[in-house]
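Worksheet: the structure to be examined is printed underneath.
Chain letters run A, B, ... following the sequence lines, proteins first and then strands; every chain starts at 1. Note that the structure is a prediction, hence the values are computed from the model and not measured.
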There are 2 protein chains.
Amino acid sequence: MTMPDHAQSLLSQLPANVLAAECPSRQVLSHLTSRWGTLVMLVLLGGTHRFSELRRCIGGVSERMLAQTLQQLETDGFVLRIAHEVVPPHVEYSLTKLGQEAGAHIAALTHWIETALPRIQAAKGVPEPA
Amino acid sequence: MTMPDHAQSLLSQLPANVLAAECPSRQVLSHLTSRWGTLVMLVLLGGTHRFSELRRCIGGVSERMLAQTLQQLETDGFVLRIAHEVVPPHVEYSLTKLGQEAGAHIAALTHWIETALPRIQAAKGVPEPA
DNA sequence: GGAAGTGCCTACATTTTTGTAAGTATACCG
DNA sequence: CGGTATACTTACAAAAATGTAGGCACTTCC
């Protein structure tokens with residue numbers, strides 16, 4: 001045995017398989033689920049925002065990390081960056097169509113966590129069957 | 001201005017807010033979206049598995065990381081660990097009810113990535129509007 | 001005129017994460 | 001009897017992520 005049945009079923013017709021170490025989907029996943037990536041997607045799902053706005057509403061991000069995260073999401077094709085050539089700089093970030101689709105799933109997960117948090121904290125340490 | 005409107009709306013009635021740095025939901029999110037956490041949830045969504053099975057079907061995990069990840073998910077109440085007191089050891093991992101709910105969202109995201117991968121790769125570098 | 005705001009980047013230091021290898025107790029297989 | 005498998009843990013080392021501080025080229029506000 002090298003792989004359980006359901007893993008095979010996951011492979012089925014899909015063009016990618018996250019369970020495989022070398023699959024490019026792994027990297028996309030890691031960008032979307034990175035510490036700040038998830039939160040950026042979440043905020044941008046609410047509409048276009050400037051760099052400093054993002055920085056302010058995402059508690060705890062440093063400028064460095066925010067910039068890095070935005071670049072990753074941009075090169076992945078999830079975020080659209082529009083820079084107005086003025087000074088002081090004015091840059092707007094928004095989600096692409098792809099970004100909105102991904103963002104919807106991220107929002108679903110985070111929203112679930114936010115509402116389920118009481119249950120999660122109650123379950124801590126208390127062994128619970130499925 | 002300290003926070004955009006939609007961020008306020010996210011706060012609404014929810015018992016938690018991921019955008020706040022100190023919110024406990026942040027940690028839960030980070031466990032579920034950690035490098036291996038996501039994949040473990042995904043596999044366990046397919047049913048009960050032993051440690052070594054998980055290790056084999058999740059490409060690239062080390063024993064150390066798998067053990068650590070499972071422990072985190074267990075203390076968060078997502079994973080149920082059942083150890084049969086025999087030698088050699090026999091341990092089974094499965095998802096709790098909470099874990100299944102969270103896992104469903106994770107599966108939706110990863111499944112989307114797997115199917116959208118061609119589009120994502122095509123979009124790389126090509127600026128695309130929403 | 002001085003301070004604050006804008007959207008970054010870069011160098012450097014620190015922290016965190018992750019990998020590697022070895023050890024454990026025992027049973028089963030040939 | 002030697003090798004393999006099980007489910008881990010621990011110590012040590014290497015790699016990656018992250019934070020901090022400073023700079024830039026201006027403009028607007030007080």
>> If I take atom CG in residue Leu66(B) and atom P in nucleotide dT20(C), what distance separates them, rounded to the nearest angstrom?
In response: 14 Å
> Under the 3.5 angstrom rule, does the side chain of Thr96(B) hit a backbone N or O of Gly77(B) as a donor-acceptor pair?
Replying inline: yes
> With respect to the side chain of Val91(A), which nucleotide from dG5(C), dG7(C), dA7(D) is positioned closest?
Replying inline: dG7(C)
> Between His90(B) (NE2) and dT6(D) (P), how many Å, whole number?
Replying inline: 11 Å
> Within this structure, what is the CD-to-P distance between Gln68(A) and dA17(D), rounded to whole angstrom?
Replying inline: 8 Å
>> I need the CD-C1' distance between Glu53(A) and dT6(C), as an integer number of Å.
In response: 12 Å
> Nearest to the side chain of Met65(B), which nucleotide is it out of dT6(D), dG7(C), dG19(C)?
Replying inline: dG19(C)
> For Ser62(B) and dG19(C), is the shortest distance between a side-chain N/O and OP1 or OP2 below 4.0 Å?
Replying inline: yes
> Is there a donor-acceptor pair under 3.5 Å between the side chain of Thr38(B) and the backbone N or O of Leu32(B)?
Replying inline: yes
>> From CD of Glu63(B) over to C1' of dA5(D), roughly how many Å is that when rounded to an integer?
In response: 11 Å
>> Assess the residue pair Ile113(A) and Val18(B) against the criterion (side-chain contact (heavy atoms from CB on, under 4.5 Å)); give the C-alpha distance rounded to whole Å, side-chain angles, the decisive distance to 0.1 Å, and a yes or no.
In response: CA-CA 9 Å; Ile113(A) 293 175; Val18(B) 254; 5.6 Å; no
>> Any side-chain N or O of Arg50(A) below 4.0 angstrom from OP1/OP2 of dT6(C)?
In response: no
> Hey, which of Leu66(A), Leu39(A), Thr69(A), Val40(A) is the one that makes side-chain contact (heavy atoms from CB on, under 4.5 Å) with Val61(A)?
Replying inline: Leu66(A)
>> Between P on dA5(D) and CZ on Arg55(B), what's the gap in Å once rounded to a whole number?
In response: 12 Å
>> I need the CZ-P distance between Arg64(B) and dA11(D), as an integer number of Å.
In response: 11 Å
> Would you say the side-chain atoms of Arg81(A) pair up with the backbone N or O of Tyr93(A), donor to acceptor, closer than 3.5 Å?
Replying inline: no
> Listed in order of residue number, which residues of residues 23-36 of chain A have a non-hydrogen atom at under 4.0 Å from DNA chain C?
Replying inline: none
> Of Pro89(A) and Val87(B), whose closest DNA chain D nucleotide lies nearer the 5' terminus?
Replying inline: Val87(B)
> Has the side chain of Asp76(B) got a donor or acceptor atom that lies under 3.5 Å from a matching backbone atom of Phe78(B)?
Replying inline: no
>> Is it the case that the side chain of Arg50(B) and the backbone of His90(B) share a donor-acceptor pair, with hydrogens and angles ignored and the cut-off at 3.5 Å?
In response: no
> To the nearest Å, how far apart are Gln71(B) CD and dA7(D) C1'?
Replying inline: 11 Å
